[in-house]
Amino acid sequence: MTARTRFAPSPTGYMHIGNLRTALYEYLIAKANGGQFILRIEDTDQKRYVEGATDIIYNTLKTVGMNWDEGPDIGGDFGPYIQSERLPLYQEYAHKLVELGGAHYCFCSKDEADEQKDEEANIKFKDPCKMIPLSEAKVRVAKGEPYVIRQNINKKGKAMFHDVVYGDIEIDYDELDEGVLLKSDGFPTYNFANVIDDHLMKITHVVRGNEYISSTPKYNLIYEAFGWTPPTYVHVAQVMKDAQHKLSKRNGDASFQDLVAKGYLPEAILNYIALLGWNPGTEQEIFSLVELEKVFDMNRLNKSPAIFDIAKLKWMNGCYIRALDFEAFHKLACREYDKFITHEINREALSKVLQPRIETLNDIAEVAGFIETLPEYSDELFTNKKMKTDADIAKKSLALAYPALEALQTWTNENLFECLKNVAVANELKNGQVLYPVRIALTGLETTPGGASEIAEVLGKAETLRRIKLKLA
RNA sequence: GGUCCCAUCGUCUAGAGGCCUAGGACGCGGCCCUCUCAAGGCUGCAACACGAGUUCGAAUCUCGUUGGGAUCACCA
């Protein structure tokens with residue numbers, strides 16, 4: 001049997017990193033054995049609906065290359081794939097479940113129900129409506145009295161189920177409360193819609209956060225009442241911000257789109273999160289999506305929570321940037337240049353110098369800001385022990401370098417380097433005594449991406465000469 | 001509070017009784033390379049939460065302790 005998995009986000013307008021990781025695992029479980037990956041939108045809570053949220057979901061999955069085989073936009077044999085369009089289905093099954101003895105009509109208001117339970121004393125809701133004979137309840141429903149449909153938990157003892165990640169889990173039926181399956185507005189709750197849809201869509205593997213472990217027996221009870229076979233459960237550990245807190249929108253933690261906006265490449269983000277809670281069993285760490293499809297094994301998923309470490313993502317992003325074709329990198333870099341560089345410069349030369357030196361696209365503006373505007377700097381910058389330079393030597397070197405550069409015909413890094421070295425040799429100076437001051441004069445910075453000749457190449461002849469002259473004056 | 005789950009370097013992890021004087025990666029330190037800085041190469045520091053068992057032998061099995069997390073909605 002090939003696997004069918006589903007990513008079932010609710011459209012909240014935010015692609016949480018943990019959710020994206022869940023989607024990835026779902027995708028990989030499906031693709032690892034030629035199965036289908038289905039996208040379903042869980043919008044049963046009208047109060048939480050956010051305009052444009054589904055587009056964020058679509059766009060994110062598309063940019064990371066996780067294409068779905070069935071979904072709201074492309075259809076499929078088991079649609080519709082948006083829960084709000086499946087309402088009649090849930091209602092039909094909910095009433096059917098009542099007939100089957102798996103649920104009952106309840107006429108209590110929410111407040112009445114709340115009053116009856118006590119979390120501290122661990123008293124679960126005991127619904128008086130459960131005692132109402134079905135025939136009588138049906139009459140009240142028919143008369144138009146507001147109602148919800150609640151699950152029946154009649155079993156005693158321990159519920160048992162198997163999870164791919166956590167193994168066998170036992171939960172006492174007394175811990176389960178008879179929750180609402182169909183709300184008074186006719187919408188299903190997550191608990192119910194999920195089971196109905198997963199069954200109807202023939203989902204084989206349910207992957208979700210481990211916060212659902214304790215309610216899993218409730219789902220199984222519904223499957224059981226209908227006479228359906230429950231799916232394989234894959235509960236995954238949380239993605240944490242730190243040891244105590246999980247990554248969350250409330251804390252302002254980065255979403256996928258935030259990370260992209262911060263200059264991370266989608267492929268790098270995906271690669272990184274794949275490794276948060278999973279490993280291939282080898283020492284390989286860099287994986288494309290296609291490679292992951294080949295090596296993914298859900299049995300290697302970890303039980304313990306993983307802390308999201310931006311430092312490692314940064315490193316990995318740097319790896320991806322360096323691995324880019326020069327043309328591809330240059331194209332991305334140009335978009336950044338457009339944001340802060342107004343002068344004519346040698347952009348290719350700049351990209352060449354930047355590619356091995358940055359870890360995120362946003363580093364570009366930070367590290368190359370001096371290209372646009374020469375910062376104010378003190379003459380003390382010219383003093384460097386290792387280079388054996390100080391302000392006096394710098395003055396002399398710059399004066400010597402200026403005419404040499406002015407005479408230089410072909411403005412390339414190689415020629416510039418050669419030219420400046422010759423200035424040093426001809427005047428019995430060390431290379432650094434010329435190169436270092438020139439670099440400082442061109443950048444006003446102690447450390448820069450690239451050396452004097454490389455930066456001169458980027459700036460171009462006119463600007464290079466202008467900056468040196470400026471210092472000389 | 002009841003219940004469930006988790007526990008190896010700071011972080012991500014390898015480890016399914018002897019291969020472990022615990023391996024890799026990020027980060028951090030050092031060295032090399034070098035027109036500064038990166039990149040690259042080499043290298044160093046750094047962990048089995050604790051306590052009892054079981055066993056000839058335990059990071060690996062059992063129990064307890066401690067610590068952390070989850071859950072107990074007409075939210076998903």
Side-chain donor-acceptor distances from residues 417-432 of chain A under 3.5 Å, at least two apart:
unit_1   : atom_1 : unit_2   : atom_2 : d
A/Asn422 : ND2    : A/Glu418 : O      : 3.3
A/Asn427 : ND2    : A/Val423 : O      : 2.6

Which donor-acceptor pairs under 3.5 Å do side chains of residues 370-378 of chain A form with protein atoms, sequence neighbours excluded?
unit_1   : atom_1 : unit_2   : atom_2 : d
A/Glu372 : OE1    : A/Thr342 : N      : 2.8
A/Glu372 : OE1    : A/Thr342 : OG1    : 3.4
A/Glu372 : OE1    : A/His343 : ND1    : 3.1
A/Glu372 : OE2    : A/Thr342 : OG1    : 2.5
A/Ser378 : OG     : A/Glu380 : N      : 2.9

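Base pairing annotation: B/G40 forms a Watson-Crick or G-U wobble pair with B/C32, both donor-acceptor distances under 3.5 Å. Summarising the base pairing, B/U71 is matched to B/G2 through a Watson-Crick or G-U wobble pair whose two defining distances lie under 3.5 Å.
Counting to the nearest Å, the P atom of B/C33 and the NZ atom of A/Lys386 are 9 Å from each other. For the pair A/Ile468 CD1 and B/C35 C1', the interatomic distance rounds to 14 Å; values are reported in whole Å. In this structure, the NZ atom of A/Lys303 is 15 Å from the C1' atom of B/G69, given to the nearest Å. Going from atom CD1 of A/Ile307 over to atom P of B/U8 covers 10 Å, rounded to whole Å. Going from atom CD of A/Gln238 over to atom P of B/G68 covers 17 Å, rounded to whole Å.
At least one side-chain heavy atom of A/Asn194 sits less than 4.5 Å from a side-chain heavy atom of A/Arg208. A/Asn19 places none of its side-chain heavy atoms less than 4.5 Å from the side chain of A/Pro9. By the 4.5 Å heavy-atom criterion applied to side chains, A/Gln83 and A/Tyr90 are counted as neighbours.
Here A/Asp379 does not pair with A/Lys395 in a salt bridge; the nearest charged N to carboxylate O distance is not below 4.0 Å. Between A/Asp177 and A/Lys218, at least one side-chain N (NZ, or NE/NH1/NH2) sits under 4.0 Å from a carboxylate O, which counts as a salt bridge.
The side chain of A/Asn191 approaches B/A76 more closely than any other nucleotide in the set B/C35, B/A76, B/U36. Closest to the A/Glu211 side chain, of the nucleotides B/U11, B/A70, B/A76, is B/A70. Of the candidates B/C6, B/G24, B/A14, B/A14 carries the atom nearest the A/Asn302 side chain, counting heavy atoms from C-beta on. Nearest to the side-chain atoms of A/Arg322 among the listed nucleotides B/C72, B/G27, B/G40 stands B/G40. Closest to the A/Ser214 side chain, of the nucleotides B/G24, B/C74, B/U71, is B/U71.
Residue side chain A/Thr189 does not reach the base of B/C74 through any donor-acceptor N/O pair under 3.5 Å, judged by distance alone. Not a single donor-acceptor pair, N or O on each side, falls under 3.5 Å between the base of B/C37 and the side chain of A/Thr448. Applying the 3.5 Å distance criterion, the base of B/A25 shares a donor-acceptor pair with the side chain of A/Lys312. Under 3.5 Å, the side chain of A/Tyr212 and the base of B/A70 form no donor-acceptor pair of N or O atoms.
Considering only side-chain N and O atoms, A/Thr443 lies nowhere under 4.0 angstrom from the phosphate OP1 or OP2 of B/U36. When the side-chain nitrogen and oxygen atoms of A/Asn384 are compared with OP1 and OP2 of B/C35, none of them lie within a distance under 4.0 Å. Between A/Arg208 and the phosphate of B/A76, there is no side-chain N or O to OP1/OP2 separation shorter than 4.0 Å. For the pair A/Arg300 and B/C12, the criterion of a side-chain N or O lying under 4.0 Å from OP1 or OP2 is not met.
A/Tyr190 has its ring centre less than 6.0 Å from the ring centre of A/Tyr212.
Proximity of residues 414-429 of chain A to RNA chain B (heavy atom under 4.0 angstrom from any strand atom) is restricted to A/Phe417. Of the residues in residues 270-282 of chain A, those placing a heavy atom less than 4.0 Å from an atom of RNA chain B are A/Leu275, A/Leu276, A/Gly277, A/Asn279, in numerical order.
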Footprint string (nucleotides 43-51 of chain B, 5' to 3'): B base within contact, S backbone only, - free, heavy atoms under 4.0 Å
---------
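Within 6.0 Å of NZ in A/Lys396 there are 12 or fewer heavy atoms belonging to other residues, nucleotides or ligands.
With hydrogens and angles ignored, the 3.5 Å screen pairs a side-chain donor or acceptor of A/Asn271 with a backbone N or O of A/Glu285.
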Walk me through it: do A/Asp43 and A/Ser84 pass the test side-chain hydrogen bond (donor to acceptor under 3.5 Å, both in side chains)?
CA-CA 6 Å; A/Asp43 58 344; A/Ser84 58; 2.6 Å; yes
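A residue-by-residue look at A/Tyr436 and A/Glu359 shows that A/Glu359 has its nearest nucleotide of RNA chain B further toward the 5' end.
The ring pair (Phe, Tyr, Trp, His ring centres under 6.0 Å) analysis of residues 300-328 of chain A, with sequence neighbours excluded, yields the pairs A/Tyr272-A/Phe308, A/Phe326-A/His330.
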